[in-house]
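Because only heavy atoms are used, hydrogens play no part in the values below, and waters and symmetry mates are left out as well, while side chains stay in. FYI, the numbering just counts along the sequence from 1.
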Amino acid sequence: MALVYVLEDDQNISEIEKYALTASAYQVEVFASAADFYRAIEQERPDLIILDIMLPDADGYEIIRKLRADALTAEVPVLMVTAKTAEIDKVRGLDLGADDYLTKPFGIMELISRVKALLRRAAPRETTTLLKAGRIAMDDERHKVMAAGTPVELTFKEYGLLKLLLGNAGKAVSREEILNEVWGTDFEGESRTLDMHIRTLRKKLGEEGERIRTLRNVGYVIEP
């Protein structure tokens with residue numbers, strides 16, 4: 001039974017979330033404050049986190065940043081819930097490491113569907129921890145990237161994007177597959193976000209960034 005932590009200060013919403021998740025056979029713990037949430041994580045690592053971005057005692061974006069910086073929670077799926085509808089707010093949360101988002105108000109069926117999808121994607125599967133293409137090297141176990149012998153600092157999404165391309169070196173990866181695997185959501189702004197991330201990733205990789213080629217009307221490929 002998957003353990004889900006819900007950080008939500010609105011009691012009406014948290015009660016609905018808990019009821020829906022419990023009815024779907026998930027174990028649920030609800031927290032109204034970031035302090036209680038952090039204490040619980042120290043005791044037990046959840047399988048998924050549902051995080052309200054607008055909290056009275058903490059910045060939800062900063063919570064995402066801390067979760068991704070901690071080895072204990074770096075890979076825990078995070079579903080952010082926000083009342084903000086601006087594209088930039090959603091992009092910010094996704095770039096910091098959130099895996100998906102829901103905009104308030106949302107339907108219970110959509111909530112459960114997204115939770116199931118995130119847990120499915122997070123299920124353990126055999127992967128190669130060392131990935132290479134030319135002079136680009138990724139040590140996934142240590143979460144490190146080198147380009148021509150120089151360490152490269154990447155954001156959470158840039159790292160996921162490069163990992164997907166390296167895992168399919170020499171093969172075309174469609175835009176749809178990238179958006180599904182790296183972002184996991186379908187709001188229309190992500191297409192532009194993908195192009196932006198490709199540009200910044202190429203720049204950070206220096207000359208090796210030229211290995212990432214655009215396949216018009218298809219997607220991208222990294223030359224091995």
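Side-chain atoms of Tyr220 and Asn168 include no donor-acceptor pair closer than 3.5 Å.
Through direct or indirect side-chain contacts shorter than 4.5 Å among Ile, Leu, Val, Met, Phe, Trp and Tyr, Tyr19 is connected to no other residue.
Listed by chain and number, the residues in a side chain to side chain donor-acceptor pair (under 3.5 Å) with Tyr26 amount to none (sequence neighbours excluded). Take Arg92 and apply the salt bridge (charged side-chain N to carboxylate O under 4.0 Å, His left out) test, not counting sequence neighbours, and it matches no residue. Judged as a salt bridge (charged side-chain N to carboxylate O under 4.0 Å, His left out), and not counting sequence neighbours, the contacts of Glu208 are Arg135, Arg211. Every residue two or more places apart in sequence or in another chain was checked for a ring pair (Phe, Tyr, Trp, His ring centres under 6.0 Å) with Tyr61, and none qualifies. Qualifying side chain to side chain donor-acceptor pair (under 3.5 Å) partners for Thr214, counting only residues two or more places apart in sequence or in other chains: Arg202. Residues passing the side chain to side chain donor-acceptor pair (under 3.5 Å) test with Glu223 are Arg213, sequence neighbours excluded. Contacts of Glu177 classified as salt bridge (charged side-chain N to carboxylate O under 4.0 Å, His left out), with partners at least two apart in sequence or in another chain: none. The salt bridge (charged side-chain N to carboxylate O under 4.0 Å, His left out) test applied to Glu207 returns no partner, not counting sequence neighbours. Under the side-chain contact (heavy atoms from CB on, under 4.5 Å) criterion, Asp57 pairs with Ser33, Ala34, Leu55, not counting sequence neighbours.
Pairs of residues two or more places apart, or lying in two chains, that qualify as salt bridge (charged side-chain N to carboxylate O under 4.0 Å, His left out) and include a residue from residues 43-56 are Asp52-Lys104. The salt bridge (charged side-chain N to carboxylate O under 4.0 Å, His left out) analysis of residues 12-40, with sequence neighbours excluded, yields the pairs Asp36-Arg39.
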